[in-house]
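Scroll down for the structure; my scribbles are underneath it.
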Amino acid sequence: PSTLRTVRSFGAQLGSTLPEERGSSPLFVRASFEVRCETDWGESVAVVGSTAQLGAWRPEAGMRMTTNQRIYPSWRSEPLLLSEVLELEYKFVVIGPDGNAVRWEPLQHNRR
């Protein structure tokens, strides 16, 4: 049996399924992301980070987020399952119509 633990931070909700034994590593982490970001027509927002699923810091390979008229300027991701993640680092990146990074989130340090 496993238990679900949820941790919230600005921009992300992380939940992990933990084995019943204390001190065990998580089996996986379920992550979903949301950010408020104004963009120009044709641009999109991606989560880019330290894992392969988040593009390994390559914006063109990051996880694209979606928005619509009802929630804009909020952008949301689909839930993502990450396995064996000890520490997840990421930033939000605006992606241009050509697929290249237009601008990175202007934080001194990565989100965790």
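Basis for what follows: all heavy atoms, side chains included, without hydrogens, waters or symmetry-related copies. One-based numbering along the sequence shown.
For the pair Ser50/Trp57, a side-chain contact is recorded, criterion being any heavy-atom separation below 4.5 Å from C-beta on. When side chains are defined from C-beta on, Asp40 does not count as touching Val102, because their heavy atoms never get closer than 4.5 Å.
For Gly62 against Val48, the heavy-atom pair with the smallest separation is CA-CG2, 4.1 Å. Residues Gln53 and Met63 approach most closely at O-CB, 4.2 Å, considering heavy atoms. Taking every heavy atom of both residues into account, Ala46 and Arg64 meet most closely at CB-CD, 4.1 Å. Summarising the geometry of Glu43 relative to Val94, their closest heavy-atom pair is OE1-CG1, 3.6 Å, with the distance given to 0.1 Å.
Considering CZ of Arg36 and OG1 of Thr67, their distance stands at 10.0 Å, rounded to 0.5 Å. For the atom pair Met65 CE and Ile95 CD1, the distance stands at 11.5 Å (nearest 0.5 Å).
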*Show your working on side-chain contact (heavy atoms from CB on, under 4.5 Å) between Leu80 and Val47 and close with a plain yes or no.*
CA-CA 11 Å; Leu80 177 66; Val47 183; over 6 Å; no
Pairs of donor and acceptor atoms involving the side chains of residues 72-79, under 3.5 Å and at least two apart or interchain, shall be tabulated with distances.
{"unit_1": "Tyr72", "atom_1": "OH", "unit_2": "Thr39", "atom_2": "N", "d": "2.8"}
{"unit_1": "Tyr72", "atom_1": "OH", "unit_2": "Thr39", "atom_2": "O", "d": "3.2"}
{"unit_1": "Trp75", "atom_1": "NE1", "unit_2": "Cys37", "atom_2": "O", "d": "3.0"}
{"unit_1": "Ser77", "atom_1": "OG", "unit_2": "Phe33", "atom_2": "N", "d": "2.8"}

